[in-house]
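Below is one structure; the comments refer to it alone.
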Amino acid sequence: MNTNQTIAAITALAAAIAEGRCADEIALIGVAFTQLGDTLATIAAQKAFCETAESNR
């Protein structure tokens, strides 16, 4: 999947998730996905840090 296809797929998914929901529900789902993304980024950074530290020993 190229960049434009990824963007289009994410946009379509967001529209499908938002369909039939009120603004408050959409906001709550949005912040939950934001937290999920931030947590995954934290895990990835921690793993990269540990792998780099271990390879420097």
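Since this is a predicted model, take the numbers as computed values, not measurements.
- Taking both residues in full, the closest heavy atoms of R21 and I26 are given as O-CD1, 3.7 Å, listed atom of the first, atom of the second, then distance.
- Residue Q5 qualifies as enclosed at atom CD: its count of foreign heavy atoms under 6.0 Å is above 12.
- For the side-chain contact (heavy atoms from CB on, under 4.5 Å) criterion with I29, the lone passing option out of D24, I17, T34 is I17.
- Using a 4.5 Å cut-off between side-chain heavy atoms of Ile, Leu, Val, Met, Phe, Trp and Tyr, with links allowed through other members, I43 and L36 fall into different hydrophobic clusters.
- Here the shortest heavy-atom pairing between N4 and N2 reads N-OD1, 3.0 Å.
- Between the side chain of E54 and the backbone N or O of E51, no donor-acceptor pair lies under 3.5 Å.
- V31 and L13 fall into different hydrophobic clusters, where Ile, Leu, Val, Met, Phe, Trp and Tyr side chains are chained together by heavy-atom contacts under 4.5 Å.
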